[in-house]
Amino acid sequence: MARSFNSLAPVLITFSCFLCLLACYYVISSSSSSSSSQASSDGFLGCLTDNNVPVFTQSSHFFMPLLNASIRNPKFFVNTTVRPLYIVMPTTTPHVQAAVRCGSGNNMSIRVRSGGHDYEGLSYRSVNAGDFALLDLSKLHKVCVDTQAKTAWVDSGATLGELYYKIGNASNMLGFPAGLCPTVGIGGHFSGGGFGMMMRKYGLSIDNIINAELVDAKGRLLNKTTMGEDVFWAIRGGGGGSFGVVVKWQVTLVPVPPSVTVFNVSVSLGQGAVDVVTKWQQVGPTMPRDLSIRVLIKNKRAEFQALFLGTCEALLPVMNKNFPELRFNRSDCREMTWLQSAPYIYLGKDSSVEDLLKRNTSTFFSSHGFKATTDYVREGKPIPRDVWAGIFHKLAQPEARDARVILDPYSGFMSDVPESATPFPHRAGVLYSIQFYNYWPVDRGSGEVQINWIKDIYAFMAPYVSSNPREAYFNCRDLDLGTNWGAKYFMGNYQKLTKAKGEIDPLDYFRNEQSIPLQVNITKIRASPDDDTEAGGSSSF
């Protein structure tokens, strides 16, 4: 069985330190610990060594710092977390190919981590305790921008911040639609969909992917053509960890003006936050596509954060006409380049574009565990004002001290794309998505009270959100969704995903607790809070 270890504080591994580690990994890898599958373990380790693939065993002094360096949910630092037997650190695509061949040939399962933001930690830990190796892609983080073709190739181990930085420094007239958090890894973000502040204008990240390189379970390197149409469809939104290892992606860059406008207007409960949020439901999804206003609710306040692909002069009349309740004025505007807007919105007004290159998180996020879940609100069913009052009341409870709710408006481009165009099905008819988070200091307990708060508000929201199935976003992975998680994440696209799984990985080598299973017969998709077992089932592991 895979072994558990005492928790250590996360350690940032610099590139120079990594070179030092590589210089000694051959010595490190020669002292593998014993396990019930010693023959497979020794065969896997020997195969990696023969192929000059960097690998670190549990006995290595570097193992825990390397593991913890990209764990973004500190609740998994605890010694009960089932961790990998090995950490494989490829620096080239052939390393990835060799690692997969060594794993499949020696009965050693592999889990793949790019940025470590898997909310349930399934990219680097196991719930169903079994031997596995971690394939960490963080050293594969090259970004190549072609301004003439308006495209870029980006490695899966790169972060969103690195991608934005490279694009913005190559041209102030090009951008890319993806998420806000700069430390999120490209591999996981793209695999699950990837939404952000330009979603209403240009769609998801996956709507702008034109090619990819995938290592399959046989270790073959495939591109869009050789992997086949169904598999290329599946890797763009069908979730990571199911079809192979995508080592790089080719994306189409989108036009942005040389100057964009951002704002962050905060409204307290006393200033009418409940009423303004209630009105936002009508306004946010119907604004011009160049404007996206998200809402962050915490500490008895609602913060309205926006990106407008234009000037403040052009934005003012739009806001005054459509959303006077926000009392927006010129002093709220900040004009800057698209690149500058990326850290400003997420990291704050004192951040710089160089902060996009940092892979470490803030002190708060590196010391607080969290639990999260998601919902979708559909057209014709906005949440009533009294329910919003109830949500604000729940956020004021002691166990929700560090909780937050995030609302992201849909419509626009998202309504133009059919649900079946990619595995991500939450398209036409969606007003907005909701993300629920609750945090707790990991040095003060397991967070049971905070986790129960998430479960309570999820139950509270049931009558007011999507149903049959109750939709959820794969990149905010939640193991509490029940056995019908496939229908909730992918709706009618789930069966096609199982078909693609059978084409590219018929032996189910790439798997975890929420990976796509081999093809199943889905006769209907139905889910309710009381019945999560109807359609889809769970993957075998």
Side-chain angles (χ1 to χ4, degrees), residues 1-35 37-72 76-77 79 81-116 118 121-126 129-141 155-157 185 187 215 245 247 359-360:
M1 304 292 286
R3 298 212 168 90
S4 301
F5 285 80
N6 292 327
S7 60
L8 295 177
V11 179
L12 180 64
I13 304 298
T14 65
F15 183 70
S16 60
C17 288
F18 184 71
L19 292 178
C20 177
L21 297 184
L22 291 186
C24 61
Y25 86 88
Y26 291 109
V27 176
I28 293 169
S29 65
S30 65
S31 57
S32 173
S33 57
S34 60
S35 72
S37 55
Q38 188 67 50
S40 295
S41 178
D42 288 348
F44 175 70
L45 187 58
C47 180
L48 292 176
T49 303
D50 290 343
N51 285 275
N52 297 319
V53 179
V55 57
F56 301 88
T57 67
Q58 294 175 343
S59 61
S60 164
H61 294 297
F62 304 112
F63 182 90
M64 289 304 295
L66 284 169
L67 179 64
N68 287 349
S70 293
I71 290 181
R72 307 301 184 185
F76 296 123
F77 289 143
N79 59 9
T81 295
V82 179
R83 299 188 171 111
L85 290 177
Y86 306 101
I87 299 176
V88 184
M89 300 285 290
T91 59
T92 66
T93 296
H95 282 166
V96 176
Q97 294 176 267
V100 172
R101 287 194 297 266
C102 291
S104 60
N106 289 280
N107 197 31
M108 179 62 66
S109 178
I110 284 178
R111 300 198 176 201
V112 184
R113 180 172 74 177
S114 55
D118 186 314
L122 300 185
S123 63
Y124 54 81
R125 77 174 184 111
S126 173
D131 291 347
F132 72 99
L134 167 61
L135 185 65
D136 189 304
L137 302 181
S138 60
K139 297 307 169 185
L140 294 174
H141 59 105
D155 288 352
S156 282
V215 175
V245 184
V247 290
R359 282 185 169 256
N360 57 319

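- Between Ile87 atom CD1 and Thr57 atom OG1 the span is 9.5 Å, to the nearest 0.5 Å.
- Remark: Asp118 pairs with Arg477 by the salt bridge (Lys or Arg N to Asp or Glu O under 4.0 Å) rule, at least two apart or across chains.
- For Tyr86 against Met108, the heavy-atom pair with the smallest separation is CE1-CE, 4.0 Å.
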Residues Phe44, Val88; criterion side chain to side chain contact (heavy atoms under 4.5 Å, CB included); working and verdict: CA-CA 11 Å; Phe44 175 70; Val88 184; 4.1 Å; yes
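- Rounding to the nearest 0.5 angstrom, the gap separating the OG1 atom in Thr93 from the CG atom in Asp155 is 7.0 Å.
- The CZ atom of Phe56 sits 16.0 Å away from atom CG of Leu85, with the distance rounded to the nearest 0.5 Å.
- Among all heavy-atom pairs drawn from Ser156 and Ser114, the shortest one is O-CB, 3.1 Å.
- Minimum heavy-atom separation, Ile110 to Ala99: CD1-O, 3.4 Å.
- With hydrogens and angles ignored, the 3.5 Å screen pairs a side-chain donor or acceptor of Arg113 with a backbone N or O of Leu67.
- Remark: the backbone N or O of Leu48 is not paired with any side-chain donor or acceptor of His95 at under 3.5 angstrom.
- Here CG of Leu66 is found 11.0 Å from CD1 of Ile71. Values are rounded to the nearest 0.5 Å.
- Here the straight-line distance linking atom CE of Met64 with atom CZ of Arg83 works out to 4.0 Å at 0.5 Å rounding.
- The minimum heavy-atom distance between Phe132 and Ser126, with the atom names listed, is CE2-CB, 3.6 Å.
- Qualifying side chain to side chain donor-acceptor pair (under 3.5 Å) partners for Ser138, counting only residues two or more places apart in sequence or in other chains: Asp136.
- Looking at Leu137 and Val96, their side chains come closer than 4.5 Å, going by heavy atoms from C-beta outward.
- Nearest heavy atoms, Cys102 versus Asn51: SG-ND2, 4.0 Å.
- Checked against side chain to side chain contact (heavy atoms under 4.5 Å, CB included), Arg101 has the following partners two or more places apart in sequence or in another chain: Gln97, Ala98.
- Between the side chain of Thr81 and the backbone N or O of Phe76 there is at least one donor-acceptor pair closer than 3.5 Å.
- Across Arg111 and Ser123, no two heavy atoms sit closer than the pair CB-O, 3.5 Å.
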